[in-house]
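To start, the structure under review is shown below, and the notes come after it.
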Amino acid sequence: MAVKTIDAALPVDIFGVQTNIPLIHQVVTAQLAAARQGTHDVKSRGEVRGGGKKPYRQKGTGRARQGSIRAPHYTGGGVVHGPTPRSYDQRTPKKMKAAALRGALSDRARSGRLHVVESLVTGEAPSTKAAVAAIAELTTRRRVLVVVRREDAVTALSLRNVTDLVVLTFDQLNTYDVVLSDDVIFTQEAFEAFVEARSTEGAETIALSAAVVEADAKPAAKPAKKASAKKAPAAQEAPAQAEAATATEESGTEGATKTQPYGPGSKAPLKSGNAPKGHEIKGNVDSMKFHTPDSAWYDQTVAEVWFDTEETAQAAGFEKAGE
């Protein structure tokens with residue numbers, strides 16, 4: 001039998017608030033801390049049995065003085081600075097707990113992981129098979145939280161032994177269980193009771209289907225990813241080939257690139273204005289002349305291109321200045 005879902009009217013003051021992640025973290029941390037028993041305890045040297053007698057006299061033995069064989073450095077001795085029974089409770093205001101729960105439920109509603117159903121089990125007899133089949137129609141995710149009324153014993157008995165599934169009454173709903181679960185499923189009666197207890201009268205509402213704005217997208221097919229990855233290098237090579245063709249057309253030299261405007265042995269000017277390593281000959285494109293370091297106008301010349309040797313400059317069509 002197919003499960004009947006309900007497009008419930010969600011009160012905006014509960015299911016439409018902004019999610020405060022730091023607040024949720026603080027509330028969940030306090031809840032987990034309060035769940036600790038805090039009964040850990042160790043015995044100090046005064047609590048360990050024995051050790052009341054001095055093991056040997058104070059002087060004359062050549063050994064270090066000792067007063068008890070139950071000192072911490074002895075085997076079987078007491079423990080120093082060990083844990084003692086204490087409470088881990090953290091004081092969390094009720095308004096902070098309520099705000100964190102509203103933020104968690106709003107996040108589930110916006111992501112399409114909140115469901116309201118008429119019922120999970122039909123009839124008066126519990127049925128785990130029918131309840132699990134109904135949940136499988138709603139979601140395929142592993143962790144599920146089901147919220148029921150306290151009087152709904154049929155649903156609670158049907159799901160109490162299902163792995164990774166938590167059943168809570170609407171008045172037990174808390175931030176930790178909502179955050180831990182992938183999907184939250186309300187029965188209609190539990191949803192109405194929860195809204196009646198938590199929402200203000202006359203609050204604005206929004207349809208459950210309209211509240212979904214961040215539904216999970218379907219994962220892309222793996223073959224498509226592989227195909228796009230293979231085509232990526234070809235797409236990246238195209239701009240590089242275009243740059244090389246442009247540089248060749250501008251300089252008229254075969255093998256020219258953006259960094260080697262006149263082919264191998266030439267270098268484009270650096271942003272710092274310094275000479276590239278191994279390239280000390282300055283070339284002037286306007287006059288098509290090059291200047292060597294011993295030239296009289298070398299320091300006054302602004303290099304528009306650098307060459308490593310005079311032969312390279314001459315091969316590029318430049319003439320030596322002063323000749």
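These numbers come from a predicted model, not from an experiment. Side chains included, hydrogens not; waters and symmetry mates left out as well; all remaining heavy atoms used.
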Next on the checklist: Between S127 and A130 (side chain of the first, backbone of the second, donor and acceptor by atom type, cut-off under 3.5 Å), is there such a pair?
Outcome noted: yes
Checklist entry - Taking atom CZ of R141 and atom OG of S181, what is their separation to the nearest 0.5 Å? => result 12.0 Å
Checklist entry - Looking at M96 and Q26, what are the two nearest heavy atoms and their distance? => result CE-NE2, 3.3 Å
Next on the checklist: Are there over 12 heavy-atom neighbours, none belonging to Q31, within less than 6.0 Å of that residue's CD?
Outcome noted: yes
Checklist entry - Between I69 and P55, what is the shortest heavy-atom contact and its length? => result CG2-CB, 3.9 Å
Checklist entry - Taking atom types as modelled, is there a side-chain donor on T163 or R142 under 3.5 Å from an acceptor on the other? => result no
Next on the checklist: Main chain of V117, side chain of Q188: is a donor-acceptor contact present, judged purely on distance under 3.5 Å?
Outcome noted: no
Checklist entry - Can you tell if the side chain of Q66 reaches within under 4.5 Å of the side chain of H73, non-hydrogen atoms only? => result yes
Checklist entry - Any chain of hydrophobic side-chain contacts (each under 4.5 Å) joining I185 to V116? => result no
Checklist entry - Do the side chains of L138 and T5 get nearer than 4.5 Å, heavy atoms only? => result yes
Item to check | Under 3.5 Å donor-acceptor, D308 side chain and H279 backbone | outcome: no
Next on the checklist: Quick one about T19 and D107 (side-chain donor to acceptor, distance below 3.5 Å, no hydrogens or angles considered), yes or no?
Outcome noted: no
Checklist entry - If every non-hydrogen atom of P276 is compared with every non-hydrogen atom of A268, which pair is closest and at what distance? => result CG-O, 4.3 Å
Next on the checklist: Looking at every heavy atom in both M288 and A316, which two are closest together, and how far apart are they?
Outcome noted: CE-O, 4.2 Å
Checklist outcome for this item: Taking every heavy atom of D286 against every heavy atom of E304, the minimum-distance pair comes out as N-OE1, 3.7 Å
Checklist entry - Between R108 and V178, is any pair of side-chain heavy atoms under 4.5 Å apart? => result yes
Checklist entry - Which of these passes side-chain contact (heavy atoms from CB on, under 4.5 Å) with R198: L101, L105, D13? => result L101
Item to check | Same apolar cluster: I24 and L32, side chain cutoff 4.5 Å | outcome: yes
Checklist entry - Would you call R143-D182 a salt bridge at under 4.0 Å N-O? => result no
Next on the checklist: Could you tell me if the side chain of H291 sits less than 4.5 Å from the side chain of P293, heavy atoms only?
Outcome noted: no
Checklist entry - Any chance NZ of K54 has more than 12 other-residue heavy atoms, nucleotides or ligands included, within less than 6.0 Å? => result yes
Next on the checklist: Can you confirm if the NZ or CZ of K267 lies within 45° of the ring axis of F307 and under 6.0 Å from the centre of its six-membered ring?
Outcome noted: no
Item to check | OG-CD distance between S199 and E192, expressed to the nearest 0.5 angstrom | outcome: 13.0 Å
Item to check | I21, CD1 atom: more than 12 neighbouring heavy atoms under 6.0 Å | outcome: no
Checklist entry - Atom CG in L23, atom NZ in K97: separation rounded to 0.5 Å? => result 12.0 Å
Per-pair distances, 0.1 Å, donor-acceptor, side chain in residues 145-152, under 3.5 Å, sequence neighbours excluded:
residue, atom, partner, partner atom, Å
R149, NE, E151, OE1, 3.2
R149, NH2, E151, OE1, 3.4
R150, NH2, T169, OG1, 3.4
R150, NH2, D171, OD1, 3.2
R150, NH2, D171, OD2, 2.8
D152, OD1, T155, N, 3.4
D152, OD1, T155, OG1, 3.2
D152, OD2, T155, OG1, 2.8

Checklist entry - Crowded around E319 CD? As in, over 12 foreign heavy atoms under 6.0 Å? => result no
Checklist entry - What do you reckon, is CD of Q58 surrounded by more than 12 foreign heavy atoms closer than 6.0 Å? => result yes
Checklist entry - When clusters are formed by joining ILVMFWY residues with side-chain heavy atoms under 4.5 Å apart, either directly or through shared neighbours, do I281 and V285 land in the same one? => result yes
Next on the checklist: Between F186 and F191 (judged by ring centroids, cut-off 6.0 Å), do the two rings come close enough to count as a pair?
Outcome noted: yes
Item to check | N-O pairing of D183 and R113 below 4.0 Å | outcome: no
Checklist entry - Quick one: are N161 and T128 in side-chain contact, heavy atoms under 4.5 Å? => result no
Next on the checklist: With clusters defined by side-chain heavy atoms of hydrophobic residues (ILVMFWY) lying less than 4.5 Å apart, directly or transitively, does L208 cluster with I14?
Outcome noted: yes
Item to check | Beyond-backbone contact of T187 with S119, side-chain heavy atoms, under 4.5 angstrom | outcome: no
Next on the checklist: Within the 4.5 Å heavy-atom criterion, are V79 and P72 side-chain neighbours or not?
Outcome noted: no
Item to check | Test item: T175 side-chain N/O and V28 main-chain N/O as donor-acceptor pair under 3.5 Å | outcome: no
Checklist entry - Taking atom NZ of K282 and atom OG of S295, what is their separation to the nearest 0.5 Å? => result 9.5 Å
Checklist entry - Under the 3.5 angstrom rule, does the side chain of N174 hit a backbone N or O of Q172 as a donor-acceptor pair? => result yes
Checklist entry - For the residue pair L168 and L173, what are the closest heavy atoms and their distance? => result CD1-CA, 4.3 Å
Next on the checklist: I need the Y56 OH to R65 CZ distance, nearest 0.5 Å.
Outcome noted: 11.0 Å
Next on the checklist: Go through it in stages, so that I can follow the logic: the residues are F290 and F318, the test is ring pair (Phe, Tyr, Trp, His ring centres under 6.0 Å), and I'd like the CA-CA distance, side-chain angles, deciding distance and then a yes or no.
Outcome noted: CA-CA 6 Å; F290 65 87; F318 286 75; 7.4 Å; no
Checklist entry - When the aromatic ring centroids of H40 and Y88 are compared, is their separation below 6.0 Å? => result yes
Next on the checklist: Are there over 12 heavy-atom neighbours, none belonging to E204, within less than 6.0 Å of that residue's CD?
Outcome noted: no
Checklist entry - Hey, does S158 have a side-chain heavy atom less than 4.5 Å from the side chain of L120? => result no
Item to check | Between OG1 on residue T92 and NZ on residue K94, distance to nearest 0.5 Å | outcome: 12.5 Å
Item to check | More than 12 heavy atoms from other groups under 6.0 Å of NE2 on H81 | outcome: no
Next on the checklist: Are L114 and I135 linked, directly or through intermediate hydrophobic residues, by side-chain heavy-atom contacts shorter than 4.5 Å (ILVMFWY only)?
Outcome noted: no
Checklist entry - Strictly by modelled atom types, are T309 and T312 linked by a side-chain donor-acceptor pair under 3.5 Å? => result yes
Item to check | Neighbour count >12 (heavy atoms, 6.0 Å) for atom OH, Y298 | outcome: yes
